Amino acid sequence: MTTAGDDRRGTRVVVGVGGGIAAYKTCGLIRLLTESGCHVDVVPTAAALKFVGAATFEALSGNPVSTDVFSDVPSVRHVALGQKADLVVVAPATADLLARAAAGRADDQLTSTLLTARCPVLLAPAMHTEMWEHPATRRNVDTLRVDGVHVMPPARGRLTGADSGAGRLPEPADIARLALLLLDGGDLPWDLAGRRVVVTSGGTREEIDPVRFLGNRSSGKQGHAIAALAAARGADVTLITSADLPTPPAVTEIRIESAGELREHTLRCASEADVVIKAAAVADFRPDHVSESKLKKGSRAEPNEIRLVRNPDILADLVAARDAGQLAPTCLLVGFAAETGDASGSVLEHGRAKLSRKGCDLLVVNEVGRGTTFGRDDNGGWILDSDGGEILVERGSKDVMAARILDAVVARSR
């Protein structure tokens, strides 16, 4: 997501707060948005103020808080906030608030603002599982999406009391990720609904002994961004990863370490997938022998050399599995090429050659190196299509790159 401290002076964001216990987490969202340089106006419902006081919201945002349409009448505040906003985010969006918004109610400051806003609107639902799964709530969510409102899938986890399930408010960083993407000109169309998407992320670790391993600099941030946005666009997402990052909301995560584990789980999950996006940075080699005990310096067990053997080419195996009928013939395969230019060709030339050699449908080509791409929050490069298409993605946030990749997936799937 966009890093804190980015200059967004003049960007106006309205943060609506529904009356649920998760309202306390909205304080973290307000902090993230203000640290990104946004002007934030907080509009809680009357019920929200029973969970978090107005003074807290005013202190965090630096702006006054009101809940009803009779506040600041001379400025017509109940209309002006929505008219001036560049984005409206509501977190938590309770079942009651979703119902009122879907019906077009304007009985308080927040619902009036939702009616007057002509900017992107992002709702982050939070409620008990039974309420989220109720047909009335599902109808209200469908109505809002048809109206162009972005409704995040809720996270799964601990709810109020001992209950657990779907309906948990996503973490502030997850909501901010989508909010800042929308402010950066990105979109969150509900265009992957019903699609099963497998994403791999992070670098692999190939054991030398119980302490040491061979690895690479991949942080997994790009793969996690793809998984998060795919879920936000309606996909049923499985993320296979080694990265030490929080699991995105509404995503099923499978933890791996080695290339062998990654291959096993990817091929298994791909057999039921519509799309496989292989963003993981897989080690090309692994030690031929793994010591069961630590190799100590100066001991008889210390080797003079470590013999390496080649790891399997997982992308090539996926292509072969599809050709053999083990995957759906329409399963879209997306690979990544982390390249550096050299005497034999540029980054893009190496990427084109890899696309031809691998036989996947789309290939994302990144220039990598120390201080570039790996571990950073920004990325750029090219999206190459096996049909000959080529999209340049200027360097920006990894969320923007993820959005462009998913746009290409949807366009190729039509």
Side-chain angles (χ1 to χ4, degrees), residues 191-192 194-204 218 220 222-231 233-242 251-252 254 256 259-284 311-339 348 350-366 379 381-391 393 398 401-414:
D191 54 2
L192 289 172
R195 307 290 297 278
R196 292 164 296 185
V197 176
V198 175
V199 182
T200 70
S201 80
T204 59
S218 176
Q222 185 63 78
H224 272 64
I226 295 168
L229 294 192
R233 291 169 69 155
D236 179 359
V237 181
T238 299
L239 175 64
I240 307 172
T241 184
S242 63
V251 169
T252 299
I254 297 174
I256 58 94
E261 292 173 340
L262 179 63
R263 179 182 184 276
E264 174 190 351
H265 288 291
T266 301
L267 288 172
R268 177 176 57 80
C269 294
S271 66
E272 299 180 348
D274 300 298
V275 182
V276 180
I277 303 176
K278 209 186 76 59
V282 185
D284 292 323
N311 268 327
D313 186 329
I314 301 174
L315 183 56
D317 288 345
L318 286 166
V319 173
R322 184 175 62 179
D323 292 343
Q326 296 166 357
L327 310 185
T330 56
C331 182
L332 192 73
L333 301 179
V334 183
F336 271 66
E339 296 287 352
L348 185 54
H350 286 311
R352 289 177 181 140
K354 185 171 184 178
L355 175 62
S356 176
R357 187 170 66 251
K358 294 290 187 180
C360 55
D361 303 297
L362 297 171
L363 187 73
V364 182
V365 182
N366 308 123
N379 198 1
W382 298 265
I383 303 172
L384 307 182
D385 191 306
S386 60
D387 290 337
E390 181 179 307
I391 301 170
V393 183
K398 287 187 172 177
M401 171 62 91
R404 299 293 175 263
I405 293 168
L406 294 175
D407 290 343
V409 165
V410 171
R412 179 66 189 250
S413 301
R414 288 182 179 138

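Model, not experiment: these values are computed from the prediction.
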Could you check whether any side-chain N or O of [X] sits under 3.5 Å from a backbone N or O of [Y], counting only pairs where one atom can act as donor and the other as acceptor?
X    : Y    : answer
D387 : G389 : no
S242 : G203 : yes
T241 : S201 : yes

Report the distance from atom [atom1] of [X] to atom [atom2] of [Y], rounding to the nearest 0.5 Å.
X    : Y    : atom1 : atom2 : answer
L355 : W382 : CG    : CH2   : 14.0 Å
M401 : L406 : CE    : CG    : 11.5 Å
N379 : N366 : CG    : CG    : 4.5 Å
I256 : T200 : CD1   : OG1   : 8.0 Å
S386 : L333 : OG    : CG    : 10.0 Å
H224 : K398 : NE2   : NZ    : 11.5 Å

I need the single residue from I391, V334, L363, D407 that forms a side chain to side chain contact (heavy atoms under 4.5 Å, CB included) with I383. Which is it?
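Single side chain to side chain contact (heavy atoms under 4.5 Å, CB included) partner of I383 among I391, V334, L363, D407: I391.
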If every non-hydrogen atom of [X] is compared with every non-hydrogen atom of [Y], which pair is closest and at what distance?
X    : Y    : result
L239 : G223 : CD1-O, 4.3 Å
L229 : A402 : CD1-CB, 3.7 Å
N311 : A283 : ND2-O, 2.8 Å
L384 : V365 : CD1-CG2, 3.8 Å
L327 : L318 : CD1-O, 3.6 Å

So, do R195 and R233 sit near enough that their side-chain heavy atoms are less than 4.5 Å apart?
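They are not in contact (no side-chain heavy atoms under 4.5 Å apart), so the answer is no.
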Pair up each side-chain donor or acceptor in residues 270-279 with any protein partner under 3.5 Å, not counting sequence neighbours, and list the distances.
unit_1	atom_1	unit_2	atom_2	d
S271	OG	R268	O	2.6
D274	OD2	R196	N	2.7

Contacts of type side chain to side chain contact (heavy atoms under 4.5 Å, CB included), residue D284, not counting sequence neighbours
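D284: no side chain to side chain contact (heavy atoms under 4.5 Å, CB included) contacts found.
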Here the side chain to side chain donor-acceptor pair (under 3.5 Å) pairs for residues 313-328, sequence neighbours left out, are R263-D317, D313-K358, R322-D361
